[in-house]
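Residue numbers start from 1 in every chain, and the chains themselves are labelled A, B, ... in the order their sequence lines are given, proteins ahead of strands. None of these values were measured; they are calculated from a predicted model. Only heavy atoms go into these numbers, but all of them, side chains included; no hydrogens, no water, no symmetry mates.
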Amino acid sequence: MTRLRRDPRAERAAIQVATIHVAAGARPRYDRTAKGAAKGAALAADGRSRRDPRAERAGQRVPGANRPRFDLSQVVAGPAVRGEMPVVGESRQPAAPKIVVVEDPAFLVAVVPDAAGGRLSGHDRQVLGAARMLAGREGGVVVVSAGPCEGCGPAGADRHVALAEPGADPAARAAVVAAALEALNPRHVLFPESLDGGDLARRVAVRMGAALFDNAEVVAATGLVRPARGRRVEQRAAPGLLATVAADAVPDYGGAPREARAVTVETVPAPASNLLSAERIPADPATVPLALAEFVAAAGNGIHDLDLFRQVVAALHATPGASRVLCDAGLMPRHSQVGASGTVLAATCYVALGISGAPQHLQGIAGCEHVVAVNTDLHAAMIERAGLAIVQDAQAVMAALLGLLEQEAARHAAGDPASGDRTGAAS
Amino acid sequence: MHSFMPLTTVFPGLVWAMAALALVQTARRAALWRVGSAAPVAWLHGLARLPRRYLVDVHHVVARDPYASRMHAVVAGGLLAASLLTALAILPPLAQSRAYWLLVALAFAVTAVGSVLVGARRYPAKQKRLSAGRFQILPFLLLAYAVGGTLTALLLAVGTGGIALPFTLALAAAGGLGLAFEVRQGPMRHAVAGALHLAAHPRPGRFEGRPDTALQPLDLEAPRLGAEMPADFTWNRLLSYDACVSCGRCEIACPAFAAGQPLNPKRLIQDLVAGLNPAEPPYAGNPYPGGREAEGERGPLARLIGPDARIHPDTLWSCTTCRACVEECPMMIEHVDAVVSLRRYQTLERGALPEKAIGPVTELRQSGDAGGRPLPARTDFAAGLDLPLMADRGQADVLLWLGEGAYDLRYGRTLRALVRLLRQANVDFAVLGPEERDTGDLARRLGDEATFQALARENVATLAKYRFARIVTADPHALHALRNEYPAFGGPYTVVHHTAFLLELIRAGRLTPGRLPDLSVTYHDPCYLARYNGETEAPRAVLDAIGLARVEMARSGKRAMCCGGGGGAPVSDIPGERRIPDLRMAQAAETGAGVVAVACPSCTAMLEGVTDRKAEVRDIAELLLQAVEAGR
Amino acid sequence: MKIAVLLSAGRHPVSGAAVLPRLEAQAIRIAVRLGEAFGVLDGGSAPFGLHAGPDAATVADALGQGLARIEHLVLPEGVDPVPALAEHLAATAPDVILAGRRGQGGGESGIVPYALAAALDRPLIADVVSVAPGDEAGTLRLDQSLGRGALRRVVVRGPVVATVHPDAPASLAYAFGRARRGTIVSLEPTAEPVAGPAIPVEERPYRRRPKIVKGAPAGGSAAERLKAATGESGAAASGRLLVDPAPEEAAREILAYLRRVGVVAPDSTRPNS
């Protein structure tokens, strides 16, 4: 068998990019993607198409990232070995994402998201990412949500089963979900290992009589991994029917949006609830323990008018905190002290008013994602720590902030009384 | 002459009657001490050493207040001399001697002067630290006895007597019998209980020149762990509390009292006394800060600690175990032992630790570190320093005990400095690394003796695997535990504080520091080094060796004030009006020194935590390293 | 009112020492408080612990943390404890069964309380932070944590199984003297060991894996992830610094920042939680 001789020189000349070439002293540049076309004719004589790893790679590229990322799971089912055309992923043009359709999935991977308030949580998205990984190219991901759920398609769902809201009792929810799962007969079912998701997963597992692989930190078709014995060992198992996925362990689905086609399954009526009553008591930011608070505003030595501070905190719906100096002086209660010797915060956002930021204090806010500091000292440690640092008298800024919030509230009440009533009732 | 003869007998008879009354009152009191549990006491030795203990050890403490010292010498010396001389006058030859009566009159006159000195402390206005109550009548009783005695003796000496004699004798009798009566539950109890306490002291080592400061191990098999009620204390401890003279020196020294935390050592001891004796007259000194009134039942079997009992739990947990009260107590009372005994019951039997201390103590028990941090992370501070591990070496001259401070970022700097100094001096040293557990100091001071003993046994077993000559540590708390408390668990070690060791290296010429004359420094004595181990000189000698301008704070050496970091006080975190380290830093600021030299991780952490401090807080090892580097 | 606390053979997360899992210690505190509310403190009706496994030594800590008695069902290593526990609990019939979220030492999947609730046909209330008698006789009021201090208060009648949330009050201190006085009763279970659903697993030493960092741009560099992880991510990375702005401007900036972060509701609608 003779093979045609390649003429590399000619091939290269054919793909040289002309526009760049004109620039004096610039390096010659070549369009490697044109290479296939250039040599296509020659290869055709061979009767066998060559793989084009470059194009395959490009096809695997996940859109939307500022650093190239590739979805390697695409290669398994890649038609490069079968078809003429190299893989050209649907996601090739990130500008116009095409909706991916899996018409007839070989199997289903179900995801039961928390979907509180009808929206996927960050954790839910990660679980969908994990499910997408398990489903690969041939499988389909089906979201089974109790109640409506938005945004399943972009998060990686091929199908969506929206069950009727079964009420507050998790036992009823589990019954409904388990029935739906039995009807769908998925290969795998994933839950988020969250408060509600973990609870639901275990109820479903008991109801279905199936084993649960909980708190998976690694999800792959080859196996799931979870920590055990106080993180001394990890356990690996092949993906079974039921599994829960740990938070922040698996990335979101990053590919093109999927169709999330609505599917209905036969449902069972929710069984009677054992709960005599269930009432949600929202956390009151004014009284919630500091360690649990989401949003803390704290006063330090730079604050003299604590009444104003309390008003601002109330208007912001934040939880009040204080530096040690104020607590020592008895101006703020001891339980509001932030810092290593007071409370270590788990808040998302921390507003430091007139706090310079002693090391012990900074230890207390090490876990806060966002920090706003208002302080007169440009060189205070807190200013350096803050995402938004304002070098100004905290007293004056507090007054302005309170004025602004009151202004908004007044404008709102005047302009939209109905809405004002509603929020008034809610708060 | 008819009335002359009997009066020379009646007067000595009065003193004998006083003695008899005092004896009866003492016996009534002693019945209460007997409810306490048994304690081994070397009576003969104690009694033999009594004069020395009184004249040397007690006087050493009393003399810190020169006025009180002079007052006591005059009034007590006079009282004893006058009473003894009068009592001897029962012998006819003496009674006949006019010169003898003149001598007696002189002794009584001295007593009278002393009585006036006693009164001057209380009238017109009482000194703040003193207790009122029955102590307020003490000067009058003394004066009556002394003046009555003086006049009687003078009249007998002159031989005129006549109509005045019965009156002067009556005056002396009123005062004298009053004093004797006060032996049971009045001011004069301190004289009898104090003397007996000196003989039967629970820590005789204090008088032998060694710092007998180790807490006594608790038998974990005992039916009741720690002290719940007065009867749970040993009898000689109950006796020691009765020796309290309510002078209030302890409350002046107490850091928790100064910070407005609900602790007053005098009140605490008086509450133990009053708890034992339901008939005790009401307490009349300064209250616990916060002004809580005494409540709850009394009696040998009454619960002492509780929100509704005589002593509030917050009082108990405010103590930093700094021993300042013990150091200042002229009656040699061991307040800290009492506090720890009471804490032991609360912790071991009731699990009633302060809420914030539960976490650290639980972690200590479960993971060998109060912060629950991984033991291998203890050496993280030395990243890049390549610490030699005992496990690899098997032996070394010096075992460097890192302690809990090693986890702290700030204190890691000190330890790095120390390690570099040891390297510089070519010291053959190694650390235990991941094998080192907490010494259990925190658990022990908080009363969790079970955890302490478990940790001590584990550490002793680890140390037994290796050969080393000495343990060097920068943590006085670890030093105290290893040196003084581990011997009871089979671990007798030679333990040296890093300042002493560094001084040794300097003196041996193995470290040649330059001089840092530009720095002005004041040294803050750690309680567990100075008071617990009597080491106050080595750190100062190191500072002097590097030529610093050293100034002393008003309270320094063995009388230094605590930083607030001991005894689990930082984890108990009992609220007060001020913070102890703020007070201490203010004292340091009074000296004008730019650097506060420290020698303890707790002190470093507490003093560094003071906001708006002007002075820098630096460990002696850091200063020495700077000097050594300057010297090159 | 009979209260049982399920105890498991835990390991300290750092030292690996055998300890009582923290949540179960917290469950004991809830049990003790509930017992006090019903006036049962000592004696046979006091809250008791229940452990199924080869050795009760590891749960003996519970005796020092508030329980006076532990019933120990002696089971060989690796046997599903649910049948034995279910049988024993059906016989003793406690009104409240408290458990941690995930027992340690066995399968560690947290399924045991659910399986028990199903076997005993009782409702299971997950993630409670407090249990108290309800207003009506025979009812219980349980507060479930929804995280961040939000609660769901449910009222149930009759016997329940409940699991405990970490936000429940911290555990009681360990009292050595109490531990010394407590008793462990060993019992031989009569239930036939039935193999429950299990997954064959392969074990190896734990390997810590990088967490997906919130706020890090997808596909960002390691440096970006580090920034995100150390709290200097997103808006903070820019570290906006305003020196001496007008207070009004500063206030507007702060409000805009807080809205961007999402802790203050956008526009002028008020946040309701």
Side-chain angles (χ1 to χ4, degrees), chain B residues 218-226 228 232 313 317 343-378 407 434-435 437-438 443-444 446-455 458 568 571-572, chain C residues 7-33 35-36 41-42 46-47 49 57-68 100 104-105 166-182 205-206 208 230:
Chain B
L218 182 67
D219 175 15
L220 293 176
E221 305 293 317
R224 188 203 296 274
L225 306 171
E228 180 192 16
D232 290 334
W317 302 113
R343 284 183 177 184
R344 281 175 174 171
Y345 179 79
Q346 295 297 310
T347 303
L348 294 173
E349 293 286 5
R350 298 195 51 227
L353 276 166
E355 193 81 7
K356 284 184 175 175
I358 294 177
V361 171
T362 306
E363 286 295 355
L364 208 49
R365 192 168 62 85
Q366 297 184 340
S367 70
D369 172 62
R373 294 157 291 202
L375 298 182
R378 195 188 296 275
Y407 288 104
E435 288 182 285
R437 284 163 185 276
D438 196 279
R444 184 165 230 201
L446 285 173
D448 190 350
E449 182 75 3
T451 298
F452 169 75
Q453 291 193 7
L455 285 167
E458 283 178 82
V571 296
S572 306
Chain C
L7 305 173
S8 66
R11 297 250 155 218
H12 190 272
V14 174
S15 70
V19 297
L20 185 71
R22 182 172 296 200
L23 275 178
E24 287 161 25
Q26 288 176 289
I28 293 174
R29 182 170 187 166
I30 292 178
V32 169
R33 292 281 169 277
E36 280 170 4
L41 291 169
D42 310 300
T58 47
V59 296
D61 269 12
L63 294 174
Q65 293 191 296
L67 296 179
Q104 296 181 20
D167 287 350
S171 60
L172 298 170
Y174 174 82
F176 177 83
R178 282 188 183 160
R180 219 171 44 155
R181 286 191 295 274
Y206 183 69
R208 204 163 279 281
T230 48

Could you pull out the closest heavy-atom pair between [X] and [Y], with the gap in Å?
X         : Y         : result
Ala175(C) : Arg350(B) : CB-C, 4.0 Å
Ser171(C) : Ile358(B) : O-CG2, 3.9 Å
Ser15(C)  : Gln366(B) : OG-O, 3.0 Å

- Could you give the distance from CZ (Arg180(C)) to CD (Glu221(B)), rounded to the nearest 0.5 Å?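 Those atoms lie 7.0 Å apart.
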- Message: If I take atom CZ from residue Arg178(C) and atom CG from residue Leu225(B), how far apart are they, to the nearest 0.5 angstrom?
- Response: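 Answer for the CZ-CG pair, Arg178(C) versus Leu225(B), is 12.5 Å.
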- Query: More than 12 heavy atoms of other residues, nucleotides or ligands under 6.0 Å from CZ of Arg22(C): is that the case?
  - Reply: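 Counting neighbours around CZ of Arg22(C), 12 or fewer heavy atoms of other residues, nucleotides or ligands fall under 6.0 Å, so no.
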Side chain, backbone, both or neither of [X] within contact of chain C (heavy atoms, under 4.5 Å):
X         : answer
Pro434(B) : neither
Gln346(B) : neither
Ala222(B) : backbone
Arg373(B) : backbone

- Highest number of heavy-atom pairs under 4.5 Å with chain C: which of Val361(B), Asp448(B), Leu220(B), Leu353(B)?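 Result: the option with the highest number of such pairs is Leu220(B).
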- Task: Decide yes or no on side-chain contact (heavy atoms from CB on, under 4.5 Å) for Arg181(C) and Glu349(B), but give the supporting numbers first.
- Result: CA-CA 10 Å; Arg181(C) 286 191 295 274; Glu349(B) 293 286 5; 2.6 Å; yes
